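These notes concern the structure reproduced below.
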Amino acid sequence: MPELANQADLAHVHLLINHFPTIGMILGLGLLLLSFVRKNDHLKKVSLEVLFLIALATLPVYVSGQAAAETLKGQAGVSAEAVVAHNDAALASFIMMEITGFFAWLVLWRMRRIGWPTKGLTYTVLVLAVMTVAAVARAANIGGDIRHPEISGGQYAGLFGQSAGTPLISAAAIKDFVLQHPFVWPTCETLHFVGLCMLFGVVLIGNLRMLGIGKSVLSYSALHQLLPLGMLGFTVNLVTGMMFFVATPEQYTGILFFLKMDYS
Ligand code: HEM
């Protein structure tokens with residue numbers, strides 16, 4: 001039963017790291033607010049770095065959650081409805097998280113060039129971070145209801161007991177869209193490889209430049225201008241990769257994926 005063992009491992013990972021996004025976002029937002037109160041750009045930089053890192057750290061939380069759902073399928077004491085509601089809420093908060101992380105990175109990127117954080121962009125991060133904290137707290141709250149009837153009181157559908165209603169984003173709708181339209185998968189696959197070339201191309205150029213190759217033709221400030229291209233590649237890959245993952249999560253959390261990755 002190696003497949004189950006792998007999923008169980010990932011399910012444990014989910015339990016271990018599932019509070020990182022909520023606590024990390026609250027920490028990042030708190031530091032950002034403090035930086036406004038203290039008018040301290042260094043603190044602002046640290047808070048933006050925290051928000052960016054937490055956005056990245058949410059990826060394994062999201063992926064391991066799917067494995068946890070597979071492991072718990074059909075088990076007594078597990079609310080299948082709460083799993084679906086948690087999955088949809090997690091997807092919405094994951095998207096919010098990545099948008100916030102992207103804007104935090106953008107402020108940091110510009111800051112390196114001009115020396116201070118631009119006001120408009122920093123306030124954008126502030127608003128996004130507040131919305132993301134609300135979204136991720138809601139996802140985490142529903143997650144807790146999956147196996148803790150003692151705290152849910154049967155109100156897993158929403159934070160503070162209100163009904164969630166129709167979810168803003170539904171993982172099932174994305175799955176249907178990807179699997180029922182034959183053009184979606186190959187299009188995403190093609191874009192995924194374009195994104196890969198952009199990302200690894202920029203990383204390769206950066207590494208070669210650090211080794212001293214191309215010193216006379218490429219200055220470090222010109223290299224800095226290339227970074228958004230790498231980030232765009234990462235964004236394209238994140239979006240298209242998530243389309244694959246949301247459509248067929250079992251393909252990536254089971255044994256086949258681990259064999260592909262040469263995992264033993
Ligand atoms: C932003 C991403 C996510 C966050 C922040 C998150 C957070 C949480 C939290 C706080 C819990 C409660 C842990 C506890 O009971 O102590 C939980 C449990 C759980 N989550 Fe997630 N989750 C995320 C994504 C997902 C996804 C995409 C799924 C897929 C359906 C998922 C499936 C589960 C399952 C099945 C449990 C119950 C685990 C157990 O009791 O053994 N999660 N999650």
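Numbering starts at 1 and runs along the sequence shown. Keep in mind that what you see is a predicted model, and the values were worked out from it rather than measured. In listed order, ligands and their atoms are each counted from 1. Computed from heavy atoms alone, side chains included, the values below leave out hydrogens, waters and symmetry copies.
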List, for ligand 1, each N/O atom that has a protein N/O partner under 3.5 Å away, with both atom names and the distance.
residue  : atom   : partner : partner atom : Å
ligand 1 : 15 (O) : His148  : NE2          : 3.0
ligand 1 : 20 (N) : His14   : NE2          : 2.9
ligand 1 : 20 (N) : His86   : NE2          : 2.9
ligand 1 : 22 (N) : His14   : NE2          : 3.1
ligand 1 : 22 (N) : His86   : NE2          : 2.8
ligand 1 : 40 (O) : Arg147  : NE           : 3.1
ligand 1 : 41 (O) : Arg147  : NH2          : 2.8
ligand 1 : 42 (N) : His14   : NE2          : 3.0
ligand 1 : 42 (N) : His86   : NE2          : 2.8
ligand 1 : 43 (N) : His14   : NE2          : 3.0
ligand 1 : 43 (N) : His86   : NE2          : 2.9

Which pair of heavy atoms, one from [X] and one from [Y], lies closest together, and at what distance?
X: Asn18; Y: Val61; value: CA-CG1, 3.9 Å
X: Gly101; Y: Ala55; value: CA-CB, 3.7 Å
X: Phe52; Y: Ala104; value: N-CB, 4.3 Å

Going by ring-ring contact (aromatic ring centres under 6.0 Å, His included), Tyr62 matches just one of Tyr252, Phe20, Phe94. Which one? Phe94
Which word best sums up how the rings of His192 and Phe244 line up, parallel for under 30°, tilted for 30 to 60°, or perpendicular for over 60°? perpendicular
Evaluate the ring planes of Phe177 and Phe183, with Trp represented by its six-membered ring, and classify them as parallel (under 30°), tilted (30 to 60°) or perpendicular (over 60°). perpendicular
